[in-house]
Each structure stands twice: as structure tokens, then as C-alpha cells.
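Below is one structure, written out as C-alpha cells; the observations come after it.
For the single chain, residues carry numbers from 1 onward in sequence order. The shown structure was predicted, so the numbers you read here are calculated from the model rather than taken from an experiment.
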Amino acid sequence: MIWIRPRSVHSPGHTYLLDENPMPHEIKWLAPWYAIEDPGIHAGLERQLRVEMSERHVLAGESVRLLARREDTDDALFALTGGRVAEVHMTWRQSAEPDPRWPATAIFDSLQDWARASMRPLHAELSRLR
């Protein structure tokens, strides 16, 4: 099996995903989401996700690359092949989850789709509560 990692470039507050398209996709992170730039954190969370997934999990066999975390929960955003992204609620279990629905995962066709369907509505809701 060949693992292909999507390429990404980070700058403070922004992530650029470089896929088959010649132009990078830019996203401005909105609270409570923030980009992860530390390679050690990337490796650790990617490893933890592999630990938590059973062979029947929706991401089993996928190549993943950590992009961002939520500051208020155990959610993380991972880039997948083909420009897709997965929002995952990490469980921190030290072995594979017996239920393939965990860690809970939502897959989006693109970073822009995720931002429109998840990040922006969450940011707006939390802003109203403040």
C-alpha cells in the first residue's frame, strides 16, 4: 500500500491546501478552530487517530494529515486524499474503539465545504453566546 499525504502550507491563522488544482485553497481559521503547525503535534495526533480507529472505521486505510484543532473540545480536522477533510472527535482511548462509529467522524468534500458547513456556523453560534 502506498500512502500519499496531501501537501499543505501553513502561515499564522491560514492554511493553504495544495491538491490537483494549481491554485492553493486558503482558509481563515475562526475560533474555536486553530491551525496546528508543530510537526510533533501533527505526528502525535495522527498516530493517536490510527490507534483509536478500528479496521471498520470510515477512515481506516486513509492517509491523514492534521490541519487544525478545536480549542474547546477534542475535535481535530484532518486532510484526506483528493482534497477531502475529516472532522474527528478524538476519544483518547489507548486501543482501537470497538464501535466503528468512534471516533465520531464527518467527512467533507473540501476544506471550503467544511468551513461553510461546520466552522462558520459554529463560530457564529459561539459568538452569539458571548
Counting distance only, does the side-chain N/O of H57 pair as donor-acceptor with the main-chain N or O of R101 below 3.5 Å?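 Here the side-chain-to-backbone pair does not exist.
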Backbone N or O of A35 within a donor-acceptor pair of the E37 side chain at under 3.5 Å?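 Side chain of E37 to backbone of A35, a donor-acceptor pair under 3.5 Å: no, none is there.
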Rounded to the nearest 0.5 Å, how far does NE2 of H42 lie from CZ of F78?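 So the gap between those two atoms works out to 10.0 Å.
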Between CH2 of W33 and CE of M119, what distance do you get to the nearest 0.5 Å?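 With rounding to 0.5 Å, CH2 (W33) is 9.5 Å from CE (M119).
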Which pairs, with at least one residue in residues 120-130 and sequence neighbours excluded, count as a side chain to side chain donor-acceptor pair (under 3.5 Å)?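 For residues 120-130: none.
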Please examine the side chains of [Y] and [X], heavy atoms only from C-beta on, and report whether any two atoms are closer than 4.5 Å.
X: L45; Y: R69; result: yes
X: E97; Y: M53; result: no
X: L80; Y: S63; result: no
X: T81; Y: E62; result: yes
X: L67; Y: I36; result: no
X: L59; Y: V88; result: yes

side-chain contact (heavy atoms from CB on, under 4.5 Å) partners for P100, two or more places apart: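 side-chain contact (heavy atoms from CB on, under 4.5 Å) list for P100, sorted by chain: S54, R56.
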List the steps and the verdict of side-chain contact (heavy atoms from CB on, under 4.5 Å) for F108 and R84. CA-CA 6 Å; F108 298 86; R84 298 171 302 139; over 6 Å; no
Mark yes when over 12 heavy atoms from residues, nucleotides or ligands other than E71 sit less than 6.0 Å from its CD; otherwise mark no.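 Enclosed: over 12 neighbouring heavy atoms sit under 6.0 Å from CD of E71.
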Report yes or no: do [X] and [Y] form a side-chain donor-acceptor pair below 3.5 Å?
X: E87; Y: T105; result: no
X: T91; Y: R93; result: no
X: H89; Y: D74; result: no

side-chain contact (heavy atoms from CB on, under 4.5 Å) between L66 and L77, worked out: CA-CA 6 Å; L66 179 67; L77 186 69; over 6 Å; no
Treating Ile, Leu, Val, Met, Phe, Trp and Tyr as nodes and any side-chain heavy-atom pair under 4.5 angstrom as an edge, say whether [X] and [Y] lie in one connected cluster.
X: M90; Y: V51; value: no
X: I107; Y: W102; value: no
X: V85; Y: L30; value: yes

Between W29 and W114, does the ring centroid distance fall short of 6.0 Å?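 W29 vs W114: aromatic centres under 6.0 Å.
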